[in-house]
Asks: 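The structure under discussion is supplied below as structure tokens; questions concerning it will follow.
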Amino acid sequence: MNILVSTISIYSNINEFISRYASVNNLGTITSLFIGVLLPVSILLLETVTDNVIDRAVVLKKVVNLKSVLIGLTLIAFCFLLWKSENVRLVASTLFLVGLSMLIFVLLRAISWISDWSESYPNGVRYMWRKQILSDKAIDGEKRLKLWGGLLRFFRKSG
């Protein structure tokens, strides 16, 4: 019984701390900031890989993973929906932090892709992600043919 009481007391104290020092306006500002940075970076990445099929697949599947972005934004939206109730602010702030961390990881992967100048094995992030895409078993046959065809066209142009 003592453990339950102390757990509830700790939860209440953390919840009160969050209510005192975090506001929904601050969370909205932080979210807007990261979306404002992530959107132009994503557009830049997609515009730079229009002619290369493999790089486009890597950017869409590995770098700017749309599933991660949507899950992160959904968690942040749930945070804003739950924030009105003071009893669940700890849960709401946890959802916010998880969603925001997903957006931060997408942004960090995008920065890694943009700043990777060593495209050779084993140092290059681009090389590693291209290799993962080409060997991905989840890609169906038609998409796999397009990827390998793009790789062959790339070697034909550069050779």
Side-chain angles (χ1 to χ4, degrees), residues 3-50 52-140 143-144 147:
I3 295 173
L4 180 63
V5 171
S6 64
T7 304
I8 291 172
S9 173
I10 291 171
Y11 179 81
S12 298
N13 289 337
I14 293 173
N15 212 18
E16 182 181 326
F17 178 80
I18 292 170
S19 296
R20 188 176 311 143
Y21 293 108
S23 72
V24 73
N25 292 335
N26 293 344
L27 299 179
T29 302
I30 292 169
T31 303
S32 300
L33 175 75
F34 277 99
I35 291 172
V37 171
L38 186 63
L39 191 61
V41 169
S42 301
I43 291 171
L44 170 76
L45 284 174
L46 290 173
E47 285 182 352
T48 57
V49 295
T50 54
N52 192 337
V53 178
I54 296 170
D55 284 350
R56 188 164 183 81
V58 170
V59 166
L60 289 174
K61 272 191 89 88
K62 296 283 184 187
V63 181
V64 184
N65 188 347
L66 192 58
K67 186 189 293 185
S68 294
V69 172
L70 289 177
I71 290 172
L73 289 176
T74 303
L75 291 174
I76 291 171
F78 278 131
C79 165
F80 289 132
L81 293 174
L82 294 175
W83 196 260
K84 194 127 181 141
S85 173
E86 289 186 20
N87 296 330
V88 293
R89 292 234 170 121
L90 179 61
V91 174
S93 61
T94 304
L95 290 175
F96 177 79
L97 289 175
V98 170
L100 188 65
S101 66
M102 292 178 85
L103 294 180
I104 289 171
F105 283 130
V106 169
L107 189 59
L108 289 175
R109 286 192 307 261
I111 291 170
S112 295
W113 177 266
I114 291 170
S115 64
D116 183 26
W117 290 95
S118 65
E119 295 190 23
S120 62
Y121 175 79
N123 300 329
V125 172
R126 289 183 181 207
Y127 175 83
M128 181 180 64
W129 286 340
R130 285 175 186 146
K131 185 177 175 185
Q132 288 174 0
I133 285 290
L134 289 171
S135 61
D136 190 1
K137 303 285 188 224
I139 297 176
D140 65 359
K143 289 180 184 174
R144 187 178 299 274
L147 288 175

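Only heavy atoms go into these numbers, but all of them, side chains included; no hydrogens, no water, no symmetry mates.
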Asks: With rounding to the nearest 0.5 angstrom, report the CG to CD1 distance, Asn13 to Ile10.
Replies: 8.0 Å
Asks: Could you list the donor-acceptor pairs under 3.5 angstrom formed by side chains in residues 69-93, with sequence neighbours left out?
Replies:
| residue | atom | partner | partner atom | Å |
| --- | --- | --- | --- | --- |
| Thr74 | OG1 | Leu70 | O | 2.7 |
| Arg89 | NE | Trp83 | O | 2.8 |
| Arg89 | NH1 | Ser19 | OG | 3.3 |
| Arg89 | NH2 | Trp83 | O | 3.1 |
| Ser93 | OG | Arg89 | O | 3.0 |
| Ser93 | OG | Leu90 | O | 2.9 |

Asks: For residues 102-109, please give each side-chain donor-acceptor pair under 3.5 Å, one per line with the distance, not counting sequence neighbours.
Replies:
| residue | atom | partner | partner atom | Å |
| --- | --- | --- | --- | --- |
| Arg109 | NE | Lys62 | O | 2.8 |
| Arg109 | NE | Val63 | O | 3.3 |

Asks: Partners of Leu44 by side-chain contact (heavy atoms from CB on, under 4.5 Å), sequence neighbours excluded?
Replies: Thr48, Ile114
Asks: Under a 4.5 Å cut-off applied to non-hydrogen side-chain atoms, are Leu60 and Leu46 in contact?
Replies: yes
Asks: Please output the side-chain donor-acceptor pairs of residues 24-33 that fall under 3.5 Å, not counting sequence neighbours, one pair per line with the distance.
Replies:
| residue | atom | partner | partner atom | Å |
| --- | --- | --- | --- | --- |
| Asn26 | ND2 | Ser23 | OG | 3.4 |
| Thr29 | OG1 | Asn25 | O | 2.8 |
| Thr31 | OG1 | Leu27 | O | 2.8 |
| Ser32 | OG | Gly28 | O | 2.8 |

